[in-house]
Engineer: 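Please read through the structure below; I'll follow up with questions.
Chain A is the first sequence line, chain B the second, and so forth, proteins listed ahead of strands; every chain is numbered from 1.
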Amino acid sequence: MNLTAILEEALQAVAVANDINALEDVRVAFMGKKGSITELLKSLGAMDPETRKTAGQQINDLKQQVQDALNTKRDQMQQAELTEKLSKEQIDVTLPGRTLEVGGLHPVTRTIRRIESFFGELGFEVKHGPEIEDDFHNFDALNIPAHHPARADHDTFYFNPKLMLRTQTSGVQIRTMETEQPPLRIISPGRVYRNDYDQTHTPMFHQVEGLMVDKNVSFTELKGILHDFLNNYFEEDLQIRFRPSFFPFTEPSAESVGIDPEIYSGFAFGMGVSKAIQISGSR
Amino acid sequence: MKFSESWLREWVNPQLSTNELAEQISMAGLEVDGIEPVAGEFSGVVVGYVVECGRHPEADKLQVTKVDIGTGELLDIVCGAANCRQGLKVAVATVGAVLPGDFKIKAAKLRGQPSNGMLCSLSELGMAESSDGIIELPADAPLGQNIRQYLTLDDQAIEVDLTPNRADCLGLKGLAREVGVLNNLDVCQPDIAAVAATISDVKGIQLSAPQACPRYLGRVIRNINTAAVTPLWMVEKLRRSGIRSIDAVVDVTNFVLLELGHPMHAFDLAKIEGDIDVRMAKEGEKLTLLDSNEVTLKANTLVIADSKKALAMAGIFGGLHSGVTKDSNDIFLESAFFSPVEMAGIARQYGLHTDASHRYERGVDPELQRTAMERATALLLAIVGGEAGPVVEAVSEQHLPKAAQIVLTRTKLDRILGISIATETVTEIFQRLGMQVKVSGDEWQVTVPSYRFDISIPEDLIEEVARVYGYNNIPNVAPQAALAMSKHQESRISVHSLRDLLVARGYQEAITYSFVDPKVQETLFPGQSALVLPNPISVDMSAMRLNLWPGLLQAVQYNQNRQQNRIRLFEYGLKFIPDAKAEGGVRQVPVLGGVIVGSYGNEHWTIAERAVDFYDVKGDVEALLSCTSAAECFTFSTGEHSALHPGQTAQLNRDGKAVGVLGALHPEAERKLGIKGKAFLFEIELEAFGDKHIVLAQETSKYPANRRDLAIVVKSDVRFSDILATIRKVGGNQLVDLKLFDVYTGQGVAQGHKSLAIALTLQDKARTLEDKDIQQVISSVVEVLSKEFNATLRD
């Protein structure tokens, strides 16, 4: 058989094969166990060595050419098939995914967290305490004796004259000073209660109070800390002004829990959380 | 305290605008709450004189007047006020005048009579809400003068919100002193001279309770004219300070109250039997007050009494019987010092709060009584006439407050302020505040004036220095402290992380009131007592919550009523459990609670919608517990809770101790609270989370893992957790995972039974498990399950 004719026949068969199975049939027909090229190779054994060398070379060339044609065709087919598959599998990626919607923290919590982190950087520890407080920790220890007009200003929710909903978180500071020794740097965020309910007042709100007691703590430093804090909180360089007010939590309070005012000085501060949210919300 | 700016400027007049002045005193700690003009905006109103006044020929209620406004020409003006009469000085709005409300005065005819202007009332000039008749000006008011000038109406009423320590500023005298200090100006005091007695009548005074009243001054004034009218200037000063004119005697005492900050009281002398006794009330003693209300006095209340009866509640309210009336002829004037400690809270206990009690509770200058007495006497004599007797003073020196002597050292001042203010500046601040100062070496020896009884320790002096120096003139300095790291324990679980986890699982954080509606609470906790506020905002905010559910369920209801049908809420806070053994009789337990109701997920195009069920809330709880890395410490057992479905309640235990509860809201509570759909709730005590188990890195097995599935049939009431525990025990170390992947009842499984499909994963750390090893484990598992639970393998 003429090798050229076989080659042409094979190439023709490859060309007309229109799917992977047909192409496989072509491979088997030429190069399978009983394929025509396989038969040719088998016939080499009967040839004399001289002829075998030349013929072998020619047959192998033929085989290689057919194999190449088969491979090329197969690659083309697989490529086309893949392209088709990919195009079929196209989806609308703009459709919504399956998700469990994430919830959210209360703005008060978010604000308290920010405040905690700012003061945390300065080594302030977060302290909590009871919300139903006794008159010693809510008033007496803060230098607000019974019947003092300052008490009336607090609109306190009393359970009885000795027990009340705390009107400030300062009790936490007293409790801390009762059990820990200076230097102290604490903040106490939490719920506080006032018996007042109208457009601008809610009977329960959140406060953060702070206390720093150390050797030589001064008013300039209190101002420094609050100034830094407010600029950080509102994320802008604010003009901050301080106005005197009255909160009689002073030296006698510290003495009553065993802190020596000749060695230590301190300051306390407080802020309303909702106020901070309102201001930053309307920024 | 409300006061008139122009009155203040009579005392001290800094070169500051109204707003600058308000800002200055605010920054000094006397917070300005409001500024309002004392009269409406108007122009073209002048002083006039009613030359003629006759009946309008056509109208009974109108009068026809001729008014002189000093222009040489009389104005014809028709007036409807009943008090309009010949000889009166009046406020005339001339043609072209513009009154408040842009009301323009034009020449007109009223019922045929020409009217070229209007005679004005107080309300027409924006000086009163309503008024009866036209303004009657004093006879010496200068004709033609602009009313605004004549009455100094370009004035503001300034309201300051004083902190309780600044009682010294509850009068013009104190406010002026403060403004003088801030501006370094001298204060111009009114001349208050002693009024010489012209009669010798006196009343004896006995101080029976000298601790409450250590000083009491009294004076008899005879033959007063109670028909006398309070002069307009005084009425105006009172009005601008928010006090209504009553009658001349009361007006004078109120004027002194405003001017000096000292309350006064006048009695009808004729009603006093015998001497004055300042004593404590007898328990149950009755007294009818000036407002006609009868009070039953308590023994802690100081009264002014005569030899027979209580006349007045000292420093709080006068009595009706001894009050000055039109028929009074002689009066007894009181000027007393009552101790603030004894006065505190007394008025409130009777539901009273008066200008006098407000001042006495906060403290009145104990040295001011005589000045106040002389001031009031002089004003009374000038207005109501009469003759004054000598002042009788009863005093108990030992009970009077002593002037505080305070030593302030330079070291302390500098240490607390953080800056060093020049000695002369500090000394000057003290002097301007009225303190006597001796500077010696590095310290100030300060004698505090009687009116600054709020200053008692060196820190108070430092505060005054800072305040007057100006808080905003004190620099901001970064604090210096020894650097110390705060304690960070890896094992500590922060509430923040639990919150974040719930947020990631779709929960919104709620903050609900700690006091809830007792009816809602009763629905959830029938018969369980809670702490109740005796004076709540309202009844539905009166019971301290027994857990977080009442608030959360009300939030659910609120949201459901606003078209929200998928709700997931959580809250962190205290619950308040009455407990006689706890501090204050209440345990305040931090808990984390939540509620889910409605569909599991948001509507999605590939997922069939389904409602949440018990296993959703349990999954959330399990996720929370996983934060501890100590899942093995926790067990769920069949639980019981009055608010929950009896068949769908689980108790959460840590190391066998109950630490939480979860389940379906009881259908009865669901109905009563109007919750739509099934709600599932959880609550865990924060303490349950305790410390996290620190997970240490471990070697993982190199050998293959083998999964075997097992389907067993057991009776329906067998609890899965028991089966699980048994398999774990039998499986030992080689059992590395155990999963339930199906629960089946129905065809193929006998009635009253269920089929559980369980996957066991076996793996050894040291070797590859042979099939026979695996089979051995599985066989023993099956054997034990069969023995303990009567389990059979499903065909």
Side-chain angles (χ1 to χ4, degrees), chain A residues 95-96 98-106 108-109 113 120 122-123 125 128 130-134 146-150 152-153 157-160 163 165 183 185 191 193 195 197 203-204 206 212 214 216-221 223-225 227-228 241-246 248 250-252 265, chain B residues 26-29 31 163-166 344-345 348 361-362 415-419 457 459 463 466-467 471-472 474-479 481-482 484 486 496 499 502-511 513-514 531 533-537 541 568 573-574 576 584 586 588 601-602 604-607:
Chain A
L95 285 169
R98 290 176 204 100
T99 180
L100 197 56
E101 199 175 287
V102 173
L105 288 174
H106 195 283
V108 163
T109 302
R113 269 195 200 188
L122 296 183
E125 238 184 296
H128 296 280
E131 289 171 17
I132 295 180
E133 188 57 283
D134 56 50
H147 303 304
H148 191 277
D153 289 355
F157 282 112
Y158 285 97
F159 292 100
N160 61 52
L163 201 65
L165 285 172
R185 286 198 292 278
R191 296 175 179 216
Y193 305 85
N195 197 339
Y197 198 10
M204 182 185 93
H206 288 73
M212 178 164 175
D214 206 339
N216 300 320
V217 171
S218 70
F219 187 60
T220 52
E221 294 176 333
K223 285 193 70 194
I225 281 194
H227 191 271
D228 252 17
R241 299 194 310 163
F242 293 81
R243 184 159 58 69
S245 188
F246 175 63
T250 51
E251 185 200 298
S265 55
Chain B
S26 276
M27 295 316 283
E31 189 188 357
T163 50
N165 57 327
R166 294 309 303 273
R348 197 153 17 103
E361 280 186 351
R362 285 160 178 74
R415 186 165 70 106
I416 291 193
L417 284 186
I419 50 162
I457 53 174
E459 279 77 0
E463 196 182 317
R467 196 173 65 81
Y471 280 12
N472 297 305
I474 293 174
N476 304 318
V477 171
S486 2
H496 290 327
R499 281 180 159 128
L502 287 170
V503 166
R505 295 179 73 88
Y507 282 79
Q508 292 288 344
E509 186 184 20
I511 294 180
Y513 285 117
S514 306
L531 244 70
L533 285 168
N535 299 301
I537 291 286
M541 298 167 84
R568 304 165 78 82
L574 299 182
F576 304 91
V586 57
Q588 307 184 46
N602 281 321
H604 193 267
W605 54 284
T606 63
I607 303 173

Engineer: The criterion is side chain to side chain donor-acceptor pair (under 3.5 Å); which residues satisfy it with Tyr507(B), sequence neighbours excluded?
Structural biologist: Asp620(B)
Engineer: Look up atom CD in Glu221(A) and atom OG in Ser265(A), then write down how far apart they are to the nearest 0.5 Å.
Structural biologist: 8.0 Å
Engineer: What residue in Thr99(A), Asp228(A), Asn160(A), Leu105(A) has the most heavy-atom pairs under 4.5 Å with chain B?
Structural biologist: Leu105(A)
Engineer: So what's closer than 4.5 Å to chain B heavy atoms on Leu165(A): side chain, backbone, both or neither?
Structural biologist: side chain
Engineer: Quick one: closest heavy-atom pair of Val108(A) and His206(A), and the distance?
Structural biologist: CG1-CG, 3.5 Å
Engineer: Looking at Gly345(B), Gly573(B), Ser514(B), which has the largest count of heavy-atom pairs under 4.5 Å with chain A?
Structural biologist: Ser514(B)
Engineer: Could you tell me which portion of His128(A) (side chain, backbone, both or neither) has an atom closer than 4.5 angstrom to a non-hydrogen atom of chain B?
Structural biologist: neither
Engineer: Which bit of Ile419(B) comes within less than 4.5 Å of chain A, counting heavy atoms only: side chain, backbone, both or neither?
Structural biologist: both
Engineer: Apply side-chain contact (heavy atoms from CB on, under 4.5 Å) to residues Tyr158(A) and Asn535(B) and explain how you reach the verdict.
Structural biologist: CA-CA 7 Å; Tyr158(A) 285 97; Asn535(B) 299 301; 5.8 Å; no
Engineer: At a heavy-atom separation under 4.5 Å, does Asn195(A) approach chain B through its side chain, its backbone, both, or neither?
Structural biologist: both
Engineer: Under a 4.5 Å cutoff for heavy-atom pairs, which residue among Ile474(B), Ile416(B), Ile537(B) has the most contacts with chain A?
Structural biologist: Ile537(B)
Engineer: One pair to check against side chain to side chain donor-acceptor pair (under 3.5 Å): Arg243(A) and Ser26(B). What are the steps and the verdict?
Structural biologist: CA-CA 7 Å; Arg243(A) 184 159 58 69; Ser26(B) 276; 5.4 Å; no
Engineer: Measure across Arg505(B) and Leu100(A) and return the closest heavy-atom pair with its distance rounded to 0.1 Å.
Structural biologist: O-CD2, 3.8 Å
Engineer: Side chains of Gln508(B) and Arg568(B), heavy atoms from C-beta outward: is any pair under 4.5 Å?
Structural biologist: no
Engineer: At a 4.5 Å cut-off on heavy atoms, which part of Pro96(A) comes close to chain B: side chain, backbone, both, or neither?
Structural biologist: both
Engineer: Between Tyr513(B) and Arg191(A), which heavy-atom pair has the shortest distance, and what is it?
Structural biologist: C-NH1, 4.2 Å
Engineer: For the interface with chain A, which of Arg166(B), Gln588(B), Arg467(B) has the highest count of heavy-atom pairs at distances below 4.5 Å?
Structural biologist: Gln588(B)
Engineer: Heavy-atom cut-off 4.5 Å, strictly under: side chain, backbone, both or neither for Thr606(B) against chain A?
Structural biologist: side chain
Engineer: Find the one option among Arg113(A), Glu101(A), Glu125(A) whose heavy-atom pairs under 4.5 Å with chain B are most numerous.
Structural biologist: Arg113(A)
Engineer: Could you go through the side chain to side chain donor-acceptor pair (under 3.5 Å) check for Ser218(A) and Arg415(B) one step at a time?
Structural biologist: CA-CA 6 Å; Ser218(A) 70; Arg415(B) 186 165 70 106; over 6 Å; no
Engineer: Under 4.5 Å heavy-atom distance to chain A, tell me which part of Ala28(B) shows up: side chain, backbone, both or neither.
Structural biologist: backbone
Engineer: Tell me, side chain or backbone of Asp134(A) under 4.5 Å from chain B's heavy atoms, or both, or neither?
Structural biologist: side chain
Engineer: Can you tell which part of Ile132(A) gets under 4.5 Å to a heavy atom of chain B, answering side chain, backbone, both or neither?
Structural biologist: both
Engineer: Under a 4.5 Å heavy-atom cut-off, does chain A meet the side chain of Arg348(B), its backbone, both or neither?
Structural biologist: side chain
Engineer: Taking all non-hydrogen atoms of both residues into account, name the closest pair between Lys223(A) and Tyr471(B) and its distance.
Structural biologist: NZ-O, 2.6 Å
Engineer: Which pair of heavy atoms, one from Gly584(B) and one from Leu163(A), lies closest together, and at what distance?
Structural biologist: O-CD2, 3.3 Å
Engineer: As an exercise: rank Pro479(B), Gly418(B), Ala344(B) by heavy-atom pairs under 4.5 Å with chain A and give me the winner.
Structural biologist: Pro479(B)
Engineer: Is it the side chain or the backbone of Asn472(B) that comes within 4.5 Å of chain A heavy atoms, both, or neither?
Structural biologist: both
Engineer: Heavy-atom distance under 4.5 Å to chain B: side chain of Tyr197(A), backbone, both or neither?
Structural biologist: both
Engineer: Who wins among Glu31(B), Glu361(B), Glu509(B), Arg499(B) for the most heavy-atom pairs under 4.5 Å with chain A?
Structural biologist: Glu509(B)
Engineer: If you round to the nearest 0.5 Å, how far is CE of Met204(A) from CE of Met541(B)?
Structural biologist: 8.5 Å
